Amino acid sequence: MEDAHTYIYNFGQRGDAGYFAVFDGHAGRAAADWCASKLHTLVEDALQSSETPAHALNDAFQTADERMVKADVQNSGCTAAVALIQWVEGTRRLYCGNVGDTRIVLSRGGRPLRLTYDHKGADANEARRVQNRGGIMMNNRVNGVLAVTRSLGDNYMKEYVTGAPYTTETAVDEEDEFLIIACDGLWDVCDDHTAVDLIRDVEDPRTAAQRLVDYALQHLSADNLSCMVIRLDNIDNNDDN
């Protein structure tokens with residue numbers, strides 16, 4: 001098991017904010033553990049100086065990637081998917097960032113809305129980007145080794161595999177029910193719509209997450225499994241500012 005995760009309520013000492021993240025490690029769990037213990041502090045720091053929370057996620061991911069070159073993560077790497085929720089000028093906003101194929105899906109009135117991008121070798125745009133940097137795609141893997149084209153860590157491949165995230169900003173409305181953040185151990189055997197349908201009637205997020213894990217196991221997922229469910233329909237704006 002090389003996955004790690006982090007969730008922080010009252011993120012940045014704000015009663016209206018939350019931070020939720022899943023990291024899927026490879027070649028050991030050192031990179032995933034590093035991100036689970038440090039990336040949220042980099043996001044918090046970046047929020048103080050970046051133009052927007054989306055820019056803060058971008059800055060924090062790339063700072064993490066740079067620092068991991070010097071950190072003791074050996075040659076391990078990890079995917080990362082982060083959701084930051086907070087109120088901005090009276091509107092609840094959801095900011096997401098990811099590298100790799102750990103995915104965030106929003107249930108909006110029972111309809112799945114994907115808020116991340118799967119950075120994989122099979123994606124034509126990503127494969128082209130790697131090749132333009134001098135890398136080789138073999139069997140949809142970077143240099144025949146790495147299945148994801150963006151990650152944090154993987155120091156020996158930084159020439160081709162970037163830590164720059166895909167980011168999105170979403171206004172949360174009354175139709176938005178919950179988020180699913182999960183690594184590819186789920187998504188390899190479960191599409192977005194099925195995942196939403198499986199847990200839409202489950203009030204408790206822990207029970208919902210377990211249902212998704214059980215589904216993946218029943219459908220013979222052979223990868224690590226980490227899944228987080230965040231309910232959005234019972235959070236009020238309690239920020240006095």
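These numbers come from the heavy atoms of this one structure, side chains and all, not from hydrogens, waters or symmetry mates. A quick note: this is a predicted structure, and the numbers were derived from the prediction, not measured.
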Enquirer: Heavy atoms only: give me the nearest Ala36-Thr6 pair and the separation to one decimal.
Expert: O-OG1, 2.8 Å
Enquirer: Just to verify, what does Glu203 make a side chain to side chain donor-acceptor pair (under 3.5 Å) with, not counting sequence neighbours?
Expert: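 Listed in chain order: nothing, the list is empty.
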Enquirer: What's the shortest heavy-atom distance between Arg231 and Arg200, and which atoms?
Expert: NH1-O, 4.4 Å
Enquirer: Would you give the length of the straight line joining atom CG of Leu186 to atom OG1 of Thr102, rounded to the nearest 0.5 angstrom?
Expert: 10.5 Å
Enquirer: For the backbone of Tyr156 and the side chain of Asp154, can you confirm whether one donor and one acceptor N or O come within less than 3.5 Å of each other?
Expert: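 Looks like no, no N/O pair under 3.5 Å.
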Enquirer: Give me the atom names and distance for the closest heavy-atom approach of Gly15 to Asn10.
Expert: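 Here Gly15 and Asn10 meet closest at CA-OD1, 3.4 Å.
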Enquirer: Are Met228 and Leu94 joined in one hydrophobic group, where the rule is that I, L, V, M, F, W and Y side chains link up if heavy atoms are under 4.5 Å apart?
Expert: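 Met228 clusters together with Leu94.
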Enquirer: Apply the side chain to side chain contact (heavy atoms under 4.5 Å, CB included) test between Leu179 and each candidate in Leu113, Val105, Ile104; give the one that qualifies.
Expert: Ile104
Enquirer: Has the side chain of Asp173 got a donor or acceptor atom that lies under 3.5 Å from a matching backbone atom of Glu175?
Expert: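 Yes; at least one donor-acceptor contact below 3.5 Å.
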Enquirer: Is it the case that atom CZ in Arg133 sees more than 12 heavy atoms from other parts of the structure closer than 6.0 Å?
Expert: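 Enclosed.
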Enquirer: Between Phe11 and Tyr9 (judged by ring centroids, cut-off 6.0 Å), do the two rings come close enough to count as a pair?
Expert: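 Not close enough - the centres of the two rings lie 6.0 Å or further apart.
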Enquirer: Decide whether Asp188 and His219 meet the rule of one side-chain donor and one side-chain acceptor closer than 3.5 Å.
Expert: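 No - no donor-acceptor pair under 3.5 Å links their side chains.
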Enquirer: Rounded to the nearest 0.5 Å, how far does CG of Leu84 lie from CZ of Phe20?
Expert: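 One finds 9.0 Å between CZ of Phe20 and CG of Leu84.
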Enquirer: So, applying salt bridge (Lys or Arg N to Asp or Glu O under 4.0 Å) with Asp65, which one of Lys158, Arg150, Lys70, Lys38 is it?
Expert: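 Answer to the salt bridge (Lys or Arg N to Asp or Glu O under 4.0 Å) test with Asp65 among Lys158, Arg150, Lys70, Lys38: Lys158.
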Enquirer: Taking 4.0 angstrom as the limit, do Lys120 and Asp118 come out as a salt bridge?
Expert: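 Looking at Asp118 together with Lys120, the answer is no, because their closest N to O distance does not fall below 4.0 Å.
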Enquirer: Any side-chain to backbone donor/acceptor pair from Arg103 onto Trp187? Under 3.5 Å, distance only.
Expert: no
Enquirer: Verify whether one side chain among Asp191 and Thr194 offers a donor that lies under 3.5 Å from an acceptor in the other.
Expert: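 Their side chains do contain a donor-acceptor pair, which is all the 3.5 Å distance test asks for.
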Enquirer: Do you know which two heavy atoms are closest between Phe61 and Ala80, and how far apart they sit?
Expert: CE2-CB, 3.8 Å
Enquirer: So how far is it from Leu225 CG to Leu212 CG, rounded to the nearest 0.5 Å?
Expert: 10.0 Å
Enquirer: Return yes if a side-chain donor-acceptor contact under 3.5 Å exists between Asp214 and Gln218, otherwise no.
Expert: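 No pair is found: no donor N or O on one side chain lies under 3.5 Å from an acceptor on the other.
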Enquirer: If we ignore hydrogens and angles and just use 3.5 Å, is the side chain of Ser221 paired with the main-chain N or O of Gly185 as donor and acceptor?
Expert: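 Pair found, side chain donor or acceptor close to backbone of Gly185.
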Enquirer: When you look at OH of Tyr215, are more than 12 heavy atoms from neighbouring residues, nucleotides or ligands closer to it than 6.0 Å?
Expert: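 More than 12 within 6.0 Å, yes.
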Enquirer: Would you call the rings of His119 and Tyr117 parallel, tilted or perpendicular, where under 30° means parallel and over 60° means perpendicular?
Expert: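 Geometry flag for Tyr117 against His119: tilted rings.
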Enquirer: Do the charged groups of Arg206 and Asp204 touch, with an N to O distance under 4.0 Å?
Expert: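 So Arg206 does not pair with Asp204 through a salt bridge.
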Enquirer: Is there side-chain contact between Asn143 and Tyr160, with at least one heavy-atom pair below 4.5 Å?
Expert: yes
Enquirer: Between Leu47 and Pro53, is any pair of side-chain heavy atoms under 4.5 Å apart?
Expert: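 Result yes, sub-4.5 Å side-chain heavy-atom pair found.
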Enquirer: Consider only side-chain N and O atoms of Thr79 and Asp24, and report whether a donor and an acceptor are under 3.5 Å apart.
Expert: no
Enquirer: Taking the side chain as every heavy atom from C-beta outward, state whether Ile199 and Thr207 have any atom pair closer than 4.5 Å.
Expert: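 Not in contact.
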Enquirer: Please report the shortest heavy-atom distance between Ala31 and Leu152, naming the atom on each side.
Expert: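 Looks like CB-O, 4.2 Å.
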Enquirer: Report yes if some heavy atom in the side chain of Tyr95 is under 4.5 Å from a heavy atom in the side chain of Thr168; otherwise report no.
Expert: no
Enquirer: Nearest 0.5 Å, what's the CG-CG distance between Asp123 and Asp101?
Expert: 11.5 Å
Enquirer: So does Asn139 have more than 12 non-hydrogen atoms from other groups sitting under 6.0 Å from CG?
Expert: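 No.
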Enquirer: In Å, rounded to the nearest 0.5 Å, how long is the span from CD1 of Ile8 to NE2 of His40?
Expert: 4.0 Å
Enquirer: Just do the side-chain contact (heavy atoms from CB on, under 4.5 Å) check on Leu57 and Val82 with the steps written out, would you?
Expert: CA-CA 8 Å; Leu57 284 177; Val82 174; 3.9 Å; yes
Enquirer: Can you confirm whether the side chains of Asp59 and Ser50 place a donor and an acceptor under 3.5 Å from each other?
Expert: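 The criterion, which ignores hydrogens and geometry beyond distance, is satisfied for Ser50 and Asp59.
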Enquirer: Once ring-ring contact (aromatic ring centres under 6.0 Å, His included) is applied, do any residues pair with His193, and if so which ones, sequence neighbours excluded?
Expert: none
Enquirer: Running the 4.5 Å side-chain criterion over Ile, Leu, Val, Met, Phe, Trp and Tyr, what cluster does Met138 land in, apart from itself?
Expert: Ile136
Enquirer: Hey, what do you get for OG (Ser107) to CG (Asp233), rounding to the nearest 0.5 Å?
Expert: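 Answer rounded to 0.5 Å: 9.0 Å.
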Enquirer: Is there a donor in the side chain of Arg128 and an acceptor in the side chain of Asn125, or the other way round, less than 3.5 Å apart?
Expert: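 A donor-acceptor contact under 3.5 Å links the two side chains.
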Enquirer: Side chains of Asp223 and Asp184: does their closest heavy-atom pair fall under 4.5 Å?
Expert: yes
Enquirer: Heavy atoms only: give me the nearest Ile180-Ala195 pair and the separation to one decimal.
Expert: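 What the structure gives for the nearest pair is CD1-CB, 3.8 Å.
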